[in-house]
Amino acid sequence: MTPLADVVAASRAVAGTSSRSSKVATLAALLRRLDPDEVSIVTGFLSGIPRQGRVGVGYSTIYGVEPAPGPEPSLAVRDLDQAITDVKAATGSGSAARRRDVLAQLLTRATSDEADFIRRLFTGELRQGALAGIMVDAVAKAAGVPAELARRGYMLSGDLTRTAEIALADGESGLRGVGFELFRPVLPMLASTADTVADALAGFARASVEWKVDGIRIQIHRRGSDVRVYTRNLNDVTEALAGTVDAVSRLHFEQAVLDGEAYRGETFLFDLLHADGDDLLDVPLEQRSSRLAELAPELKIPGTFTSDTREAERLLDDALAAGHEGVVVKDAASPYAAGRRGKAWRKVKPVRTYDLVVLGAEWGHGRRRGRLSNLHLGARDASTGEFVMVGKTFKGMTDELLAWQTQELLAREVARRGIAVLVRPELVVEIALDGVQASTRYPGGVALRFARVKRYRPDKPPEEADTLDELRALM
DNA sequence: GTCAGGTATATAC
DNA sequence: CTCCGACTGATTCGG
DNA sequence: CCGAATCAGTCGGAGGTATATACCTGAC
């Protein structure tokens, strides 16, 4: 019976160091001390996601409950796990009150350190610097198995707590038994980024160049008439994607696992991980792709295999002309590396930049505490000369830039509103973005998508900033 | 009792 | 989703 | 030849936009 206080202490120790090996050692030592049935519970706590998943309690609920902290640690790991289960079980009318009840009783028994841990666990803000990646290594170390083997188990099962249980109970042989199975989604392979098609092709003898469609990444499993669709976080979204289910149901095979993108009711497939009994994860992409072309010629995403930069660029132009984001360039010889963001897949998206005006900024948290971080960005309204807020960003800033802008913005302060400092609209900043979308939140009716700072433009006065109409034209 | 609107949560990008 | 920064492990450099 | 410097890869953490759903509350 492990006290919750041990877990809280380990979390503190982990948060207190930036050394990954030290985090792993601390976590592994804790895992080794646990009772077998506590392993999945604690693995979840320490990777920031309880084994029950999200249970419908967020910031507002958990910080709305404030009983006086207990003096002595008395909670066990299982008590917190049981409370989370109880909270999840509360649904329907009056459920919010029942949830608060369960939480109040729990927190009454917690010391202030424990209560703090519990609150951050519910809000997903554990911020101890150890999520799934570190936990996998800790599990391997605790179980005395190679890290690669634990990692493989995690990738193939998509389930960290289960992987931990298997590793600690059955060790190496248990993990080797974890295989690819239908209706148990694997973590999707991810892409890194490249600035140009030529950069992306570099180092590949031969590459697949495919449209990059901006929809929802999906993994589809089918056996006979049974079809399930999963998102990149392995959530089951079958019910929401009836069109995809229909389209895949019509294909001529008995069973398969497909990777693709759902976009406006259409389904674009770009990979095949399993087909009628054959696991294809370790087969080169070009073979998976040609087999996919046989199974699903109608649904296969537009693309081609080539080593010619010109041809790849033509495909990029086609994709953009068709209104899509760009292309993904993939090594034709690469296996399907579940869960990895490797260099074998590289996405190429053109970047647009705009010169916008800083209207204010918000104080940062964590490592950005004491710095003005999140910028409020305005576009110029050509008809009035006023500046209209169109979005925020905190991305693309180095520590040096953060320090500089804090100083410059405070010198232009005109008011404070909550955590925001509003400033005279004098500084122009060059912002890169993926596009704009219609907004109900902002007065101009447009919002920036994935805005990030490129650099400040001290050479440019605010009257020359880009206009609202120019942004609207992107919609 | 029913319905509309607001708040909170969760999950896509 | 996107970016920066810290750490790690592998490889190259230099005395 | 071995320790120091360099480099690439990995991970965490900073927080943006949207939409969908469930529940609660207040008006009628």
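Chain letters run A, B, ... following the sequence lines, proteins first and then strands; every chain starts at 1. Note that the coordinates shown come from a computational prediction; the quantities given were computed from them, not determined experimentally.
Side chains of Gln52(A) and Thr85(A): a donor-acceptor N/O pair is present below 3.5 angstrom, by distance only. Ser19(A) and Ser21(A) share a side-chain donor-acceptor pair at under 3.5 Å.
Nucleotides of DNA chain D that come within less than 4.0 Å of any heavy atom of chain A span, from the 5' end to the 3' end, dG9(D) to dC24(D).
No engagement by Gly342(A) is indicated, since no non-hydrogen atom pair under 4.0 Å with the nucleic acid exists. Nucleic acid contact for Ser93(A): sugar-phosphate only, since backbone atoms but no base atoms lie under 4.0 Å from a heavy atom of the residue. Note on Tyr263(A): nothing from the nucleic acid sits closer than 4.0 angstrom, heavy atoms only. Residue contacts shown for Ala130(A) are limited to sugar-phosphate atoms, with no base heavy atom under 4.0 Å away. Using a 4.0 Å heavy-atom distance criterion, Lys392(A) is classed as a sugar-phosphate-only contact. Within 4.0 Å (heavy atoms only), Val453(A) reaches no atom of the nucleic acid at all. Within 4.0 Å of Ala96(A), counting heavy atoms only, lie sugar-phosphate atoms of the nucleic acid but no base atom. Nucleic acid contact class of Arg98(A) (heavy atoms, under 4.0 Å, all strands): none.
The phosphate of dC7(C) has neither OP1 nor OP2 within less than 4.0 Å of any side-chain N or O from Lys23(A). The shortest distance between the side-chain N/O atoms of Thr193(A) and the OP1/OP2 oxygens of dT2(C) is not below 4.0 Å.
Evaluation of the side chain to side chain donor-acceptor pair (under 3.5 Å) test over residues 201-216 of chain A, restricted to residues two or more places apart or in two chains, returns Arg206(A)-Glu286(A), Ser208(A)-Glu210(A), Glu210(A)-Lys330(A), Lys212(A)-Glu325(A), Asp214(A)-Arg449(A).
Two residues, Ile134(A) and Asn374(A), neighbour DNA chain D, and the one matched to the more 5' nucleotide by heavy-atom proximity is Ile134(A). Two residues, Lys343(A) and Gly133(A), neighbour DNA chain D, and the one matched to the more 5' nucleotide by heavy-atom proximity is Lys343(A).
Look at CG on Leu448(A): it is 15 Å from P on dT2(C), rounded to the nearest Å. What separates CD of Glu325(A) from C1' of dC13(B) is a distance of 9 Å, to the nearest Å. Taking atom CG on Asn235(A) and atom P on dC13(B), their separation rounds to 10 Å, with Å as the unit. Across the protein-nucleic acid pair, Arg452(A) atom CZ and dC13(B) atom C1' stand 13 Å apart, rounded to whole Å. Atom CD1 of Ile218(A) is separated from atom P of dC13(B) by 11 Å (rounded to the nearest Å).
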(request) Would you check, one step at a time, whether the test side-chain contact (heavy atoms from CB on, under 4.5 Å) holds for Leu121(A) with Leu80(A)? (result) CA-CA 11 Å; Leu121(A) 180 63; Leu80(A) 176 52; 4.1 Å; yes
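Judged purely by atom type and a 3.5 angstrom limit, Arg184(A) has no side-chain atom pairing as donor or acceptor with the backbone of Ser157(A). In this structure, Arg222(A) contributes its side chain and Val227(A) its backbone to no donor-acceptor pair below 3.5 Å.
The cationic group of Arg119(A) lies under 6.0 Å from the six-membered ring centre of Tyr63(A) and within 45° of the ring axis, placing it in a cation-pi geometry.
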